[in-house]
Amino acid sequence: MKNFKRTTVTTALPYANGPIHIGHLAGVYVPADIYVRYLRLKDEDVLFIGGSDEHGVPITLTARKEGVTPQDIVDRYHNIIKESFETFGISFDIYSRTTSSTHRVLASEIFKTIHDKGGFIEKTSEQYYDEKAQQFLADRYITGKCPHCGNERAYGDQCESCGTSLSPDDLINPQSTISGSVPVKRETKHWYLPLDQHEAWLRQWILEEHKEWKPNVYGQCKSWLDMGLQPRAVSRDLDWGIPVPVKGAEGKVLYVWFDAPIGYISNTKELLPNDWEKWWKDEDTRLLHFIGKDNIVFHCIVFPAMLKAEGSYILPDNVPANEFLNLEGDKISTSRNWAVWLHEYLQEFPDKQDVLRYVLTANAPETKDNDFTWKDFQARNNNELVAIYGNFINRALVLTHKYFEGKVPEMGALTDYDKQTLDEFKNVKAEVENLLDHFKFREAQKEAMNLARIGNKYLADTEPWKLAKTDMNRVGTILNLSLQIAANLAIAFEPFLPFSSKKLRDLLNLESFDWNKLGRIDLLKIGLQLKKPELLFEKIEDDVIEMQIQKLLDTKKSNQLTTWKPEAIKENISFDEFMKMDIRVGTVLDCQKVPKADKLLQFRIDDGLKGRTILSGIAEYYPNPADLIGKQVLFIANFPPRKLRGIDSEGMILSAENPDGSLTVVQSGVPLSNGSKVV
RNA sequence: GGCGGGAUAGCUCAGGUGGUUAGAGCGUCGGAUUCAUAACCCGAAGGUCACGAGUUCAACUCUCGUUCCCGCUACCA
């Protein structure tokens, strides 16, 4: 690897539309913080950048829902997030926000530079426009009926009921959420970043020059590159964001994904107004992006393309992306409140930052998705932090106080067994370093914990409490060595468990905690007075854990209750409007999966006339499509034919939406004549 | 459907340019011990390394196919 002079570490900017949860922490912030603390301990030049991502449509929607301004929303969450990070010990050099003036200026400048270099292409397209509110509608501002599951409140980008991603054109009966009016199509101009033009060098840079990236990262990039890159819009018609800084762009802002990563740079600039460029433009700087797997393509392809298009910036050297953390077997979900929220944890478990840090690292989703359970949290705390680490520290201190009034005793001649023990932890430094350098935080922490295991074993094997009756010199040596191991633990755990390390250093009156001293046995001077033993960690009892589990069960219950509520009835229509619709009864003659389409079933329907073919996107709910053959179903008979996957679909099979979002074809209970009208 | 990642002890995970008895932590069981937050220490049980073929003297490790989980992507009237 190249010898870099300094390291810039960025962490995915949390979206200021909700608080931080353990998934964010495990995937991004805890590993990044460990890495940064480690580099700082080694006295390397490092800058740790964080901040809130505060633009984009979802924030405006939340604001609208609550009847406040977008600024109110981002202020609220920015403060919650910033404060919880601070309390949790994520040691950012700066945690700023994309609504800062520095960011506003820099993002504009970067856009302008790329623009002036001809790095964008301009395209005019038709988009929905709300005539009453006199503005273009972002995908999220349009609701309508989901063509897939029939949910009436699907958004223009996604149906939250069935999870399908949509485009506004897909929606049936689109409606503006701003004024409630029916939007019309209108022409609008936007700027695009032509990723396709960047494909060649990206391919070389990633696939040839960065084979060392994690398999999930490398594979995902390769997948995208092989599919071929498309131009991506970098502007939107919206009033919340950074104005597009060119003529003729009134009412347009930078698309949030364009401005957000620039936040890394502007936050650096805010911190170091005169000195920021060396962290972003010097080839001797190593740039690292810590992110979750949802952000891989963005940080490996899109953002680098932006930086390259601008021309003066360095590219990331590595993008250590983690997978996702589940909670008690289910996906973490902000909207379903299925999460352990950091700010709540900090309140409910005061002074237990390190416990969560430890558990999240021990269980980090480094190679695949992982599960967080409260039982595991309790077990890790009680069986590892308390029983192994805390217990060893306590033993060493208690013994020293008992036999030597709390002063570090002299180290006499070392026995073979002493030397053997020393051998075991001599190379801890090299091992932890090697693991951390390769972003293997889970194993690195385990290696640190191993020191405590060595200590416990040493005490058990040498039994100083027995020797105290006969050979106090020997006891002194044993305890000196034990205390040296304790001091080593304080250093080794410093990146992982900073709060406990500080507490331990206080107990040991240990001032220096230079990483380079790790592995030495002269960290504590003879005669040094130690503080009275104090527990490093305390046990977590069953009732505390049960309360947390109960809290989640309650969430689940209330989620179920809300989902089961039928939706509100749609606005009235006239009888005439209904009569325009031709709903018929038909018998399924044949039903099979459409090849090369996951969701489509192809029906052949006896409609009493010449028969018809209808496609329906319900394949995932009918693993055995043949089961439907012979059943009588209802279908819309007077939709114009539409080609799907090359097949003409002549109508729409009616299905009912279940509480879990799945679909069931509505069937006739009694035999009817094929072709009967439903009136 | 295409592409990518994953599948190894009850649980969480290591592992290897293919080569003697496949590792760790936790949990379980047994033993020892009392300095310690009934903690620590020692020992044991527990795995056809997802499934099926192939290459090979030899495969958990390579190849192909299949299944399941996660993600990206197409499809959803």
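Per chain, numbering begins at 1; letters A, B, ... match sequence-line order.
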Query raised in the report: What is the nucleic acid contact for A:E366, judged by heavy atoms within less than 4.0 Å: base, sugar-phosphate only, or nothing?
Result: nothing
Query raised in the report: Taking NZ, NE, NH1 and NH2 as the nitrogens, is one of them in A:D376 or A:R380 under 4.0 Å from a carboxylate oxygen of the other?
Result: yes
Requested in this report: Spell out, as yes or no, whether a donor-acceptor pair under 3.5 Å connects the side chain of A:D590 to the backbone of A:F603.
Outcome: no
**Report entry** Validation row, ring centre A:Y218 to ring centre A:W205 under 6.0 Å
**Finding:** no
Query raised in the report: When the ring planes of A:Y417 and A:Y458 are compared, do they come out parallel, tilted or perpendicular, using 30° and 60° as the limits?
Result: parallel
Report task. Indicate, with a heavy-atom threshold strictly under 4.0 Å, whether A:Y403 touches base, sugar-phosphate, or nothing. Result -> nothing
Query raised in the report: With the threshold set at 4.0 Å, does a side-chain nitrogen-carboxylate oxygen contact exist between A:K352 and A:E538?
Result: yes
Side-chain donor-acceptor contacts of residues 388-397 of chain A below 3.5 Å, not counting sequence neighbours, with atom names and distances?
from: A:N391; atom 1: ND2; to: A:A387; atom 2: O; distance (Å): 3.4
from: A:R395; atom 1: NH1; to: A:N456; atom 2: OD1; distance (Å): 2.9

Report summary line: Base-paired stretches in RNA chain B with three or more consecutive Watson-Crick or G-U pairs, both distances under 3.5 Å, amount to B:1-7 with B:67-73, B:10-13 with B:23-26, B:28-31 with B:41-44, B:50-54 with B:62-66
Report task. Could you check whether A:K466 gets within reach of a base, just the sugar-phosphate, or nothing at all, counting any heavy atom under 4.0 Å? Result -> sugar-phosphate
Report task. Name the nucleic acid region contacted by A:K440, choosing base, sugar-phosphate or nothing; use a 4.0 angstrom heavy-atom cut-off, strictly under. Result -> sugar-phosphate
Query - A:N382 CG - B:A39 C1' separation (whole Å) - result: 11 Å
Requested in this report: Indicate, with a heavy-atom threshold strictly under 4.0 Å, whether A:L535 touches base, sugar-phosphate, or nothing.
Outcome: base
Report task. Please work out if A:I647 contacts a base, only the sugar-phosphate, or nothing of the nucleic acid, heavy-atom cut-off 4.0 Å. Result -> nothing
Query raised in the report: Would you call A:R612 and A:D607 a salt bridge, taking side-chain N to carboxylate O under 4.0 Å as the test?
Result: yes
Requested in this report: Answer with base, sugar-phosphate or nothing: what part of the nucleic acid does A:K293 contact at a heavy-atom distance below 4.0 Å?
Outcome: sugar-phosphate
**Report entry** Distance, P atom - from B:G25 to B:U67, rounded to whole angstrom
**Finding:** 38 Å
Requested in this report: Under 4.0 Å between any heavy atoms, over every strand shown, what does A:N391 touch: base, sugar-phosphate, or nothing? Just pick one.
Outcome: base
Query raised in the report: Across the strands shown, which category fits A:K331 at heavy-atom distances under 4.0 angstrom: base, sugar-phosphate, nothing?
Result: sugar-phosphate
Report task. For A:Q445 and A:Y358, indicate whether the former's side chain and the latter's backbone hold a donor-acceptor pair under 3.5 Å. Result -> yes
Query raised in the report: Across the strands shown, which category fits A:V386 at heavy-atom distances under 4.0 angstrom: base, sugar-phosphate, nothing?
Result: base
Query raised in the report: Rounding to a whole Å, what distance do you find between A:F537:CZ and B:A39:P?
Result: 17 Å
Query - Per-nucleotide protein contact string for nucleotides 22-31 of chain B (B base, S sugar-phosphate only, - none; heavy atom under 4.0 Å) - result: --BSSS----
Query raised in the report: Rounded to whole angstroms, how far apart are CG on A:N434 and P on B:A14?
Result: 16 Å
Query raised in the report: If you measure from the Lys or Arg side-chain nitrogens to the Asp or Glu carboxylate oxygens, is any gap between A:E323 and A:K368 under 4.0 Å?
Result: no
